[in-house]
Amino acid sequence: MKKFYVATAIPYVNDKPHIGHAMDYMLADTLARYHRQLGDEVFFEAGIDEHGNKIAMKAKEQGLEPKAYTDKMLPVWQDFLKKLGVSYTNYIRTTDPLHEKVAQHIWTQLKDYFYKGSYEGWYCTGCESFVTDKEVQANNGICPDHNKPYEKLSEENYFFKLSAFGDQIKQALQAGELKIVPDFRKHEILNLIESGLEDISFSRPKKNLSWGIPVPGDEHHVMYVWFEALINYLSVLDYPDGADYKKFWAPDVQVIGKDILRFHAAIWPAMLIALNIPLPRVLLVHGHVLASGTKMSKSIGNVIDPLEVMNGYGVDAFRYYFLRHIPTTDDGDFTWEKFETAYNNELANELGNLVQRVASMIERYQDGVIGEVPRGRHDTGSFHTDMGNFQFDRALNYIWTMVRELNVYLQEVQPWDLAKKGDNQRVQEVLAECVSGLRQIAELLWPFLPTSSEVITKIFAKETLTKFNGVLFPKIYQHTPDPKNGKQVPAPDAPAHG
RNA sequence: GGCAGCGUAGCUCAGCUGGUUAGAGCGAAGGACUCAUAAGCCUUAGGUCACAGGUUCGAAACCUGUCGCUGCCA
């Protein structure tokens, strides 16, 4: 039995989950489920990142201690995972004693690569990072991502000799030891390495920031939040002595957004090389989701709340759109119109209706008896190729060609006509063929739309039909007109969208 | 400014190492059917493959330049 370790980037819990986090989770979950189907033993990590300035400030705003604040945020994030149907196996908080212990252990291990130095520069508390003078100038002194002025900071910190690892990281990338998907992200990092990696400050003076993991042996410093957050991938396995660590290290896939590529493709590998342990096999880097072609931002007010989509249309509809219609490794676009069109046309009409028409004919012509069903014999080679290349959108396209083929097949054979002619045996054969196809579709669909997959599987699992109350993917016309009457009915409790 | 990439039907995009009349989905128009969530199926839509040169028997695909756009870096 093979092991498969998939990790998600642990989110910083200074806010509620957004679409980008959902992308992380859905991609990782799809991989995890797919590998379970392949028979692999899956370790699926999720968690939250709780230290640092931003959290401390946010907590203060609410009159809470930082830990009390993150305790409060924990259920928000865990409920989110639950709603998304994320099948994680292990959860880590960066305030867990285990995590703190591992982080301190690693700090000690890396001691030879640290030196004390002073750093003066512009800092963005939003980014939790220093920025170059040029960048400050280019942005007129205000961080464009956080709309906050940069602050001039001078600190004495522990520096990590990141600059010493460029060649080794480069080698690992070129040899494919550490693979970055898609390829152009690898080039970006190689470029970055080419231009020279600079040493990075891995600590913060305690007087400026007390909300962090203490640096072992130096009561005046706490760890830089990124340093210890990255360690979550190890601490969740109880590095270095835990059974999970021995069994599952290294990650087979780490799913991240493009905005944190540098941390995962430069700093993180350097840390692992310094620790002398294997690098992750693949960094799967997804793009951003745009709203009507523009970046989502609070100030524009065009932020799509994942919960609103899920509450209105169901988890599977949500997963479906983002896994099929947002390219896995590129930026994609969300509009309510596109989403609802895909939902009605593809999920309701093509798939949902197909399930229903087959079930209904079995009920009508055969009193619900399915009878003998041939084995699914669709050649799924290209599906698995796509899955292996992380091209989930293509893999879903493949499933949909199967859905369409079945609809075409029914149209060509016209079992309703055969039934009229009394050719009962042929009717049974045709419907059994459809059931076979649907079973196979349900199986392939499981990593993507587990709930719907299980419903379909259940309906057609036995010798006789198992009735399903209700409809798979009922039509919804809230953002597109209903062809019947040209009306669209906004959900009563849904806020207005532009 | 450096590096990478993109510009193909109204929209979203496929088109691998160059080879018959340039493809799919959506949207639009028409049609036959009735098992089904008034779903599904069939047909049609004529796009100088950004522009200009070049290489070649032959280029959307290779080279050069121009214009426009995006990402990463500076």
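Fair warning: this is a prediction, and the values are worked out from it, not measured in the lab. Chain A is the first sequence line, chain B the second, and so forth, proteins listed ahead of strands; every chain is numbered from 1.
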Would you tell me if any nitrogen or oxygen in the side chain of A/R364 comes within less than 4.0 Å of OP1 or OP2 on B/A36?
yes

Return the polar atom pairs (N/O with N/O) between nucleotides 38-42 of chain B and the protein under 3.5 Å, or none.
from, atom 1, to, atom 2, distance (Å)
B/A39, OP1, A/K475, NZ, 3.2
B/A39, O5', A/K475, NZ, 3.1
B/A39, O3', A/N349, ND2, 3.4
B/A39, O2', A/N349, O, 2.9
B/A39, O2', A/N353, ND2, 2.6
B/G40, O2', A/R357, NH1, 3.0
B/G40, N2, A/Q411, OE1, 2.9
B/G40, N2, A/Q411, NE2, 3.1

Spacing of NE2 belonging to A/H286 relative to CZ belonging to A/R185, to within rounding of 0.5 Å:
10.0 Å

In plain terms, say whether A/D331 and A/K258 are close enough for a salt bridge, that is, a side-chain N and a carboxylate O under 4.0 Å apart.
yes

Between the side chains of A/E188 and A/R262, is the shortest nitrogen-to-carboxylate-oxygen separation below 4.0 Å, so that they form an ion pair?
no

Which is more 5' along RNA chain B, the nucleotide nearest A/L410 or the one nearest A/T341? Just name the residue.
A/T341

Sorted by position of nearest nucleotide on RNA chain B, 5' first, the leading residue of A/I189 and A/K338 is A/K338

Starting the side chain at C-beta, find the nucleotide from B/C72, B/C73, B/A4 nearest to A/R262.
B/C73

Residue of the set A/F202, A/Y158, A/F159, A/F160 for which ring pair (Phe, Tyr, Trp, His ring centres under 6.0 Å) holds with A/Y115:
A/F159

Evaluate the ring planes of A/Y343 and A/F473, with Trp represented by its six-membered ring, and classify them as parallel (under 30°), tilted (30 to 60°) or perpendicular (over 60°).
perpendicular

Is the ring pair A/F334/A/F322 parallel, tilted or perpendicular, if the boundaries are 30 and 60 degrees?
parallel

Identified pairing partner of B/C67, criterion: Watson-Crick or G-U wobble below 3.5 Å:
B/G7

For B/G18, the Watson-Crick or wobble counterpart (both distances under 3.5 Å)
none

Which part of the nucleic acid does A/R324 contact within heavy-atom distance under 4.0 Å: base, sugar-phosphate only, or nothing?
nothing

Interatomic distance at P, B/G23 relative to B/G65, whole Å
32 Å

